[in-house]
Chemist: 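Got a structure for you, written out below as structure tokens; questions coming shortly.
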Amino acid sequence: MNMGNKKEPLRKCVVTQEMFPKKQLIRVVRNKEGDVFVDETGKKNGRGAYLSKDPEVIQKAQQSNVLQRHLNTNIDDELYQELLQKVTES
């Protein structure tokens, strides 16, 4: 068996509905306790939503409340600020 061509998992951005390799997206998670946070590892337990690493996409997500609908919880503006900060750093 050839292990060299391992397929990279694709995920869909909840704003643009485009499929991207998992590494090109940011994952936001709501865990059982109801905490919502940015998942740097992509492996934390909980309901996840993926966003493109694009400031415009983050702002659209905030305006359209798509994360609130996807994660079934209220999202603080601080989370969007954290997302924007991470996107502009990379």
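Note that the numbering runs from 1 along the sequence shown for the chain.
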Chemist: Roughly how far, to the nearest 0.5 Å, is the CD atom of Gln24 from the NZ atom of Lys53?
Modeler: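 With rounding to 0.5 Å, NZ (Lys53) is 8.0 Å from CD (Gln24).
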Chemist: Would you name the heavy atoms of Thr41 and Asp39 that are closest together and state the gap between them?
Modeler: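 Shortest heavy-atom contact: OG1-OD1, 2.8 Å.
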Chemist: Measure across Gly48 and Leu71 and return the closest heavy-atom pair with its distance rounded to 0.1 Å.
Modeler: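 Shortest heavy-atom separation between Gly48 and Leu71 comes out as C-CD2, 4.1 Å.
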Chemist: Looking only at heavy atoms, what is the nearest atom pair of Val15 and Ala61, with distance?
Modeler: CG2-CB, 3.6 Å
Chemist: Taking 4.0 angstrom as the limit, do Glu40 and Lys86 come out as a salt bridge?
Modeler: yes
Chemist: Tell me if the CG atom of Asn72 is crowded by more than 12 foreign heavy atoms within 6.0 Å.
Modeler: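 For Asn72, atom CG is crowded (more than 12 foreign heavy atoms under 6.0 Å).
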Chemist: Given the rule that I, L, V, M, F, W and Y join up when any side-chain heavy atoms are under 4.5 Å apart, are Leu79 and Tyr50 in one cluster?
Modeler: no
Chemist: Would you name the heavy atoms of Ile58 and Leu51 that are closest together and state the gap between them?
Modeler: CD1-CD1, 4.0 Å
Chemist: To the nearest 0.5 Å, how far apart are OG1 in Thr16 and NZ in Lys60?
Modeler: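 Reported value, rounded in 0.5 Å steps: 8.0 Å.
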Chemist: Grouping I, L, V, M, F, W and Y whenever their side-chain heavy atoms are under 4.5 Å apart, do Val29 and Val38 come out in a common cluster?
Modeler: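 Cluster IDs for Val29 and Val38 differ.
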Chemist: Please step through side chain to side chain contact (heavy atoms under 4.5 Å, CB included) for the pair Gln17 and Lys12, ending with a clear verdict.
Modeler: CA-CA 6 Å; Gln17 300 298 311; Lys12 187 185 281 190; 3.2 Å; yes
Chemist: Honestly curious: do Ile75 and Leu84 fall in one hydrophobic cluster under the side-chain, below-4.5 Å linking rule?
Modeler: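 As far as the 4.5 Å side-chain criterion goes, Leu84 and Ile75 are connected within one cluster.
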Chemist: In this structure, would Val87 and Val57 fall into the same cluster of hydrophobic residues linked by side-chain contacts under 4.5 Å?
Modeler: yes
Chemist: What's the spacing between Glu18 CD and Leu10 CG if we round to 0.5 Å?
Modeler: 12.0 Å
Chemist: Report yes if some heavy atom in the side chain of Phe37 is under 4.5 Å from a heavy atom in the side chain of Glu82; otherwise report no.
Modeler: no
Chemist: Take a 6.0 Å sphere around CD of Glu78 and say whether it holds more than 12 heavy atoms from other residues, nucleotides or ligands.
Modeler: no
Chemist: Are any non-hydrogen side-chain atoms of Glu8 and Lys23 less than 4.5 angstrom apart?
Modeler: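 Side chain of Glu8 against side chain of Lys23, heavy atoms only: contact under 4.5 Å found.
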Chemist: Hydrophobic cluster membership, with links at side-chain heavy-atom distances under 4.5 Å among I/L/V/M/F/W/Y: are Val28 and Phe20 in one?
Modeler: no
Chemist: How about Thr73 and Gln68: do any of their side-chain heavy atoms sit closer than 4.5 Å?
Modeler: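 The answer is no, as the side chains (C-beta and beyond) never meet within the 4.5 Å cut-off.
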Chemist: If you compare all heavy atoms of His70 against all heavy atoms of Ala49, which two are closest, and at what distance to 0.1 Å?
Modeler: CD2-CB, 3.4 Å
Chemist: Would you say Glu56 has more than 12 foreign heavy atoms packed within less than 6.0 Å of its CD?
Modeler: no
Chemist: Evaluate the side-chain proximity of Ser52 to Leu25: yes if any heavy-atom separation is below 4.5 Å, no if none is.
Modeler: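 Answer yes - side chains close enough.
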Chemist: Rounded to the nearest 0.5 Å, how far apart are CZ of Arg30 and CZ of Arg47?
Modeler: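 Separation between the atoms: 7.5 Å.
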